[in-house]
Trainee: 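Could you have a look at this structure, given as structure tokens, before my questions?
Sequential numbering from 1 along the given sequence is applied to the chain's residues.
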Amino acid sequence: MMPFTNSKHEISHRIVVLGAILLTVSILPSFAYAQQAAAARKGAGDDRILYAPDGWPIHVTYYEAKKTTEPAPVVILLPGAEGREAGSMTRRVWDETAEALQRIGFAVVSVDLRKHGDSVPEGDAVPAARLNRLAAEDYQAMVLGDLEAVKNFLIEEHELKKLNIRKLGIGAAGSSALVAATFAVNDWAKAPWNDAPTPAASTPRGQDVRALLMLSPKSSVRGLNALGTMQAVSSIVPPIAVHVYYSQESRQEKKSAESLFRPVEPREEGFEEVRRLAPGPASAEGFLKLRSTSGENLMEKNIADFFNHNLKELQDPWRTRVSKLLN
């Protein structure tokens, strides 16, 4: 068990996750077409290699925010991760969405988690059979290693005032939605540095994830506690925005999405911009390709509206992450 304290600035919750809180990344079947279409194109981002604490290379594409009057909000985009043999997606599926968010003032980083896309060791460091198999410990490493490496990179950009890590959102598909949610819970469990008389005046160490966008999420992922994680998300104050979309073609997707959304469902009206469960397109082209009669990409508009309202409009000014204890 891992304790979570809850006050105005902290959370109190316990989640049982096979010895630790784990995450994973997966992908919805309705994204397959979009993945194939996007895989061949190279986006406008900057490809980089980050390293998890265990040395695993994590390939990302970083879309630095356009110049703005203040540090930009930031979004992490996670494709699904079902394993290489399952033909899982890569971060390239998010290229167009990332560029669209960049154009309207966001910093964006799309991520290949370990054993997916480019994020595999060079040479023969890991046998092919092991690369094709995902175990519970891989998902745990995705949370506690891969995404922490991404967060540390973003904090470096935060200290350069290129972005405001206090306005962090995550967009994720399939089982990576549960990965993102668990990472958010872990992040909110990080109490501020003890370098001031009160928590409010102390230098933050976490508590940054403010919005979760889930596309066809899976509610059953090896090694993850879906119910405990979503209950913990629901206890975070101020509340994390959660929007969940599922394919109209899949009864199983709908059931899975409802299962994850139920613990965070608002009990009163007026919270549509904060918490929403909605059907996505039934089109075989998938969520990222649905367009209106005028040619507008409808899902990109939904994504932009969600992050604009729940990140960009937040009144949460930039604060350094360098503790006074280190000065």
Trainee: Quick check: does any side chain N or O of His158 sit under 3.5 Å from a backbone N or O of Arg319, one acting as donor and the other as acceptor?
Mentor: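 Such a contact is found between His158 side chain and Arg319 backbone.
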Trainee: Any side-chain to backbone donor/acceptor pair from Thr229 onto Ala226? Under 3.5 Å, distance only.
Mentor: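 No: the side chain of Thr229 does not pair with the backbone of Ala226.
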Trainee: For the CH2 atom of Trp56 and the CD1 atom of Ile49, what is their distance to the nearest 0.5 Å?
Mentor: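 It comes to 14.0 Å.
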Trainee: Please test Met214 against Leu178 for side-chain contact (heavy atoms from CB on, under 4.5 Å), starting from the C-alpha separation and ending with a verdict.
Mentor: CA-CA 8 Å; Met214 300 181 172; Leu178 192 54; over 6 Å; no
Trainee: Would you say that Arg210 contacts Pro238 through its side chain, given a criterion of any heavy-atom pair below 4.5 Å between the two side chains?
Mentor: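 Heavy-atom side-chain distance check passes, below 4.5 Å.
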Trainee: Using only atom types and a distance under 3.5 Å, with no angle test, would you say the side chain of Ser256 pairs donor to acceptor with the backbone of Glu253?
Mentor: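 Between the backbone of Glu253 and the side chain of Ser256 there is no qualifying donor-acceptor contact (under 3.5 Å).
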Trainee: Would you call Pro192 and Arg205 a side-chain contact if the rule is heavy atoms closer than 4.5 Å?
Mentor: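 Pro192 does not reach Arg205 side chain to side chain.
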Trainee: Answer with yes or no whether the hydrophobic clustering places Val120 together with Tyr51; edges join I, L, V, M, F, W, Y residues whose side-chain heavy atoms lie under 4.5 Å apart.
Mentor: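 Different clusters: Val120 never reaches Tyr51 through Ile, Leu, Val, Met, Phe, Trp or Tyr contacts under 4.5 Å.
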Trainee: Run Val109 and Leu77 through side-chain contact (heavy atoms from CB on, under 4.5 Å) and show every step you take.
Mentor: CA-CA 6 Å; Val109 59; Leu77 296 176; over 6 Å; no
Trainee: Evaluate the side-chain proximity of His116 to Met142: yes if any heavy-atom separation is below 4.5 Å, no if none is.
Mentor: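 Touching, per the 4.5 Å side-chain cut-off.
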Trainee: Do side-chain atoms of Arg275 reach the backbone of Ile240 as a donor and acceptor pair under 3.5 angstrom?
Mentor: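 Present.
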Trainee: Does the distance from a Lys or Arg side-chain N to an Asp or Glu carboxylate O, for Lys115 and Asp138, drop under 4.0 Å?
Mentor: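 Counted as a salt bridge, because a side-chain N and a carboxylate O are separated by less than 4.0 Å.
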Trainee: Is there a donor-acceptor pair closer than 3.5 Å between any side-chain N or O of Trp318 and the backbone N or O of Pro71?
Mentor: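 Looks like no, no N/O pair under 3.5 Å.
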Trainee: Main chain of Asp118, side chain of His59: is a donor-acceptor contact present, judged purely on distance under 3.5 Å?
Mentor: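 Confirmed, His59 side chain pairs with Asp118 backbone.
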Trainee: Within this structure, what is the CD1-CD distance for the pair Ile236 and Gln231, rounded to the nearest 0.5 Å?
Mentor: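 If I round to the nearest 0.5 Å, the distance is 12.5 Å.
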Trainee: Do Ile170 and Leu78 come close enough that some side-chain heavy atom pair is under 4.5 Å?
Mentor: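 SC-SC contact between Ile170 and Leu78 confirmed.
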Trainee: Would you mind checking if Arg321 and Glu159 are paired as a salt bridge, meaning a charged N to carboxylate O distance below 4.0 Å?
Mentor: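 Salt bridge absent between Glu159 and Arg321.
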Trainee: Got a donor-acceptor contact below 3.5 angstrom from the Ser250 side chain to the Ser247 backbone?
Mentor: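 Not a single qualifying donor-acceptor pair exists.
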Trainee: Looking only at atom types and distance, does a side-chain atom of Asp187 sit under 3.5 Å from a main-chain N or O of Phe183, one as donor and one as acceptor?
Mentor: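 Checked: no pair found.
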Trainee: Measuring only between side-chain heavy atoms, which start at C-beta, is Arg92 closer than 4.5 Å to Thr61?
Mentor: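 Arg92 reaches Thr61 side chain to side chain.
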Trainee: Show, in sequence, the C-alpha distance, side-chain angles and deciding distance for Leu260 and Val244, and conclude whether the side-chain contact (heavy atoms from CB on, under 4.5 Å) test is met.
Mentor: CA-CA 9 Å; Leu260 286 179; Val244 181; 5.7 Å; no
Trainee: Output the distance between atom CZ (Arg91) and atom CD1 (Ile58), rounded to the nearest 0.5 Å.
Mentor: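 The CD1 atom of Ile58 is 10.5 Å from CZ of Arg91, to the nearest 0.5 Å.
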Trainee: With distance as the sole criterion, is a donor-acceptor pair present between the side chains of Thr90 and Asp112 under 3.5 Å?
Mentor: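 Side chains of Thr90 and Asp112: no pair found under 3.5 Å.
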Trainee: Given side-chain contact (heavy atoms from CB on, under 4.5 Å), test Leu154 with Leu163 step by step and report yes or no.
Mentor: CA-CA 8 Å; Leu154 293 176; Leu163 57 86; 4.0 Å; yes
Trainee: Looking at Asp316 and Lys167, is there a salt bridge between them, counting it only when a charged N and a carboxylate O are closer than 4.0 Å?
Mentor: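 No, no charged N to carboxylate O under 4.0 Å.
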Trainee: Which residue, Gln102, Arg48, Glu157, forms the side-chain hydrogen bond (donor to acceptor under 3.5 Å, both in side chains) with Tyr62?
Mentor: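 When side-chain hydrogen bond (donor to acceptor under 3.5 Å, both in side chains) is applied between Tyr62 and each of Gln102, Arg48, Glu157, only Glu157 qualifies.
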Trainee: Would a distance-only check, ignoring hydrogens and angles, find a side-chain to backbone donor-acceptor pair under 3.5 Å from Trp193 to Val322?
Mentor: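 Not at all, since once roles are kept as given, no pair shorter than 3.5 Å links the two residues.
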Trainee: Determine yes or no for a side-chain-to-main-chain donor-acceptor pair under 3.5 angstrom, with Arg103 supplying the side chain and Ala98 the backbone.
Mentor: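 Such a contact is absent between Arg103 side chain and Ala98 backbone.
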Trainee: Does the side chain of Tyr139 come within less than 4.5 Å of Thr182's, by heavy atoms?
Mentor: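 No, their side chains stay 4.5 Å or more apart.
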Trainee: About how many Å separate CG of Leu50 and OG of Ser119, when rounded to the nearest 0.5 Å?
Mentor: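 Ser119 atom OG to Leu50 atom CG measures 8.5 Å (nearest 0.5 Å).
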Trainee: Do Val233 and Val242 have side-chain heavy atoms sitting under 4.5 Å apart?
Mentor: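 Side chain of Val233 against side chain of Val242, heavy atoms only: contact under 4.5 Å found.
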Trainee: Taking side chain as C-beta onward, heavy atoms only, is Pro279 less than 4.5 Å from Tyr246?
Mentor: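 They are in side-chain contact.
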Trainee: So which atom in Ala196 and which in Lys324 form the shortest heavy-atom distance, rounded to 0.1 Å?
Mentor: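 Here Ala196 and Lys324 meet closest at CB-NZ, 4.5 Å.
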Trainee: Assess whether a salt bridge exists between Lys190 and Glu148, defined as any Lys/Arg side-chain N lying under 4.0 Å from an Asp/Glu carboxylate O.
Mentor: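 The answer is yes: the pair qualifies as a salt bridge.
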